*Asks:* 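Here it is, the structure, as structure tokens.
Side chains included, hydrogens not; waters and symmetry mates left out as well; all remaining heavy atoms used. The shown structure was predicted, so the numbers you read here are calculated from the model rather than taken from an experiment.
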Protein chains: 2
Amino acid sequence: MAFTYAYPHPAVATDIAVFTLRRGALHVLLIERGGEPFLGAWALPGGFVQPEEDLDACARRELQEETGVESDVLLHFANFSAPCRDPRERVISVAYLALMPSDELRVEGSSDAAQAQWFPIGDLPPLAFDHEEILRQALANLGARARGVTLLFALLPPRFTLSQLQAAYEAVTGEEAEKRNFRKMVLGLGCVRETDDFAHGSHRPARLYEAAA
Amino acid sequence: MAFTYAYPHPAVATDIAVFTLRRGALHVLLIERGGEPFLGAWALPGGFVQPEEDLDACARRELQEETGVESDVLLHFANFSAPCRDPRERVISVAYLALMPSDELRVEGSSDAAQAQWFPIGDLPPLAFDHEEILRQALANLGARARGVTLLFALLPPRFTLSQLQAAYEAVTGEEAEKRNFRKMVLGLGCVRETDDFAHGSHRPARLYEAAA
DNA sequence: GAACTTAGTGTCGTCAATACACGAACATGG
DNA sequence: CCATGTTCGTGTATTGACGACACTAAGTTC
């Protein structure tokens, strides 16, 4: 066995708050725990870091394992390290937030998760561990970063209308935006490029945009 | 022994980039390592998390032990978790940045540190581990947060002149500010309160300000 | 083809940020 | 003590950004 430092080693896990939009409302993905502690309770997906991966890779792997999806956006936003946040032993949680377009949801259970399910923000069950606090901070962080707009692309399909983008903006920040000003801002930022195609289906078709190079 | 999760446990440490201003230039505190690995190399202060403390407390304690000072500002900004960043075993580093007024420096060595010393940014020795990368990110993060101005109070004595504040702003962000506009901005933010005292010593005395309630 | 619904646009007023120059107050040195 | 030098401290005019606001355009649906 290799040398190890003479200090106690805590367990280290990542927890991921995965957000998506469904019918215009922000939802978060929760799993029902399949083991102790908190058997049967809802929790954020996540798991322990493996020896050969860094924390980003751990979060990406756990997300893949527990939801079957890969997210372009996977952002670390805080650590949670209270000594007793897990009743069994010390676990330091490295918290990430992830975004995905609602199309790509393939919610599946796994060994650690009896089931996985989307919950609307604002109608959440009680959560295991300190996950309510983690989720609170994830939402605050997401809201702050959403002002840059580019983050929101990860909540939308590859091509989207400006109305969709605005709806995402409003759902995430909680603030209403004025249509003309919002469009001016987005186009002014230069972060979208217009395509020649239009979204049909309801009333007047809307031009489709995509993320700029 | 209590139950432990059946996953390998990495070592977890905090590393702290402590900044101060000396003669108008931003400096960072480095220690000369007193043990292997990287014996004799310069490194950021830091150390392993103890069972009964959370990460913030760990950073605060290490800062106290290795520099003898307590900082009001101690901010987590990133994790560093490449599996091989420490040659002996896996160590996940939780990186903090701290600020302190140049008055309060009591640089002392310790068991882990042969000596501690302030280095000007821009004239740094080679650093141990991945500490050069950590420091780079700390500087970028500090620069971004300094625009809020309130963070800068931690670099100054309790009462300071607006010229001092502006010098701190310029040293940290690297950008020059226009005197009248800078004062307008600071006073407009309402984050400082003027006192009835003045700083004497050179030429015309400058009014002293303090952090607003 | 009439009615409905969403898409898309331009202007004006207000406010914030920028650039810019000089008199005031004190220290220093002759 | 007076002249000089240095930093402190202020106001205005211009410009660009942001917010409010109402109507026409284009398809869909009935």
*Asks:* Would you grab the first and last nucleotide of DNA chain D (5' to 3') that comes under 4.0 Å of any non-hydrogen atom in chain B?
*Replies:* dG5(D) to dT12(D)
*Asks:* Using heavy-atom distances to pick each residue's nearest nucleotide on DNA chain C, tell me which of H200(B) and H203(A) is more 5'.
*Replies:* H203(A)
*Asks:* Within this structure, what is the CG-OG1 distance for the pair L55(B) and T14(B), rounded to the nearest 0.5 Å?
*Replies:*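 One gets 7.5 Å once the value is rounded to the nearest 0.5 Å.
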*Asks:* Expected output is a numbered-order residue list: members of residues 161-180 of chain A with a heavy atom under 4.0 Å from any atom of DNA chain C. What is it?
*Replies:* S163(A), K179(A), R180(A)
*Asks:* How would you give the extent of chain B contacts on DNA chain C, as first and last nucleotide 5' to 3' within a 4.0 Å heavy-atom cut-off?
*Replies:* dT18(C) to dA27(C)
*Asks:* Let me confirm one number: the CZ-CG distance from R159(A) to D197(A), rounded to the nearest 0.5 Å.
*Replies:* 4.5 Å
*Asks:* Using residues 182-193 of chain B as the side-chain source, report each donor-acceptor pair under 3.5 Å to any protein atom, sequence neighbours left out, with the distance given to one decimal.
*Replies:*
unit_1	atom_1	unit_2	atom_2	d
R193(B)	NE	E210(B)	OE2	3.3
R193(B)	NH2	E210(B)	OE2	3.4
R193(B)	NH2	A211(B)	O	3.4

*Asks:* Calculate, to the nearest 0.5 Å, the distance between atoms CG and CG belonging to L156(A) and L21(A) respectively.
*Replies:*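 Between atom CG of L156(A) and atom CG of L21(A) there are 6.5 Å.
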*Asks:* When the aromatic ring centroids of F153(A) and F160(A) are compared, is their separation below 6.0 Å?
*Replies:*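 Yes.
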*Asks:* What residues in residues 183-195 of chain A put a non-hydrogen atom under 4.0 Å from any atom of DNA chain C?
*Replies:*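 Contacting residues: R183(A), K184(A).
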*Asks:* With a 4.5 Å heavy-atom cut-off, do I31(A) and E66(A) have their side chains touching?
*Replies:*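 Heavy-atom side-chain distance check passes, below 4.5 Å.
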*Asks:* In Å and rounded to the nearest 0.5 Å, what is the CD to CD distance from E53(B) to E62(B)?
*Replies:*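 Nearest 0.5 Å value for the CD-CD distance: 7.5 Å.
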*Asks:* Would you check if W118(B) and V28(B) make a side-chain contact, meaning some heavy-atom pair closer than 4.5 Å?
*Replies:*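 No - every pair of side-chain heavy atoms lies 4.5 Å or more apart.
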*Asks:* Judged by atom type as modelled, is there a donor-acceptor pair below 3.5 Å linking the side chain of S71(B) to the main-chain atoms of L74(B)?
*Replies:*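 Not at all, since once roles are kept as given, no pair shorter than 3.5 Å links the two residues.
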*Asks:* Any chance you could measure L135(A), atom CG, to L127(A), atom CG, to the nearest 0.5 Å?
*Replies:* 6.5 Å
*Asks:* So does R60(A) pair up with E65(A), basic N to acidic O under 4.0 Å?
*Replies:* no
*Asks:* With sequence neighbours left out, what residues match Y96(A) under ring pair (Phe, Tyr, Trp, His ring centres under 6.0 Å)?
*Replies:* H76(A)
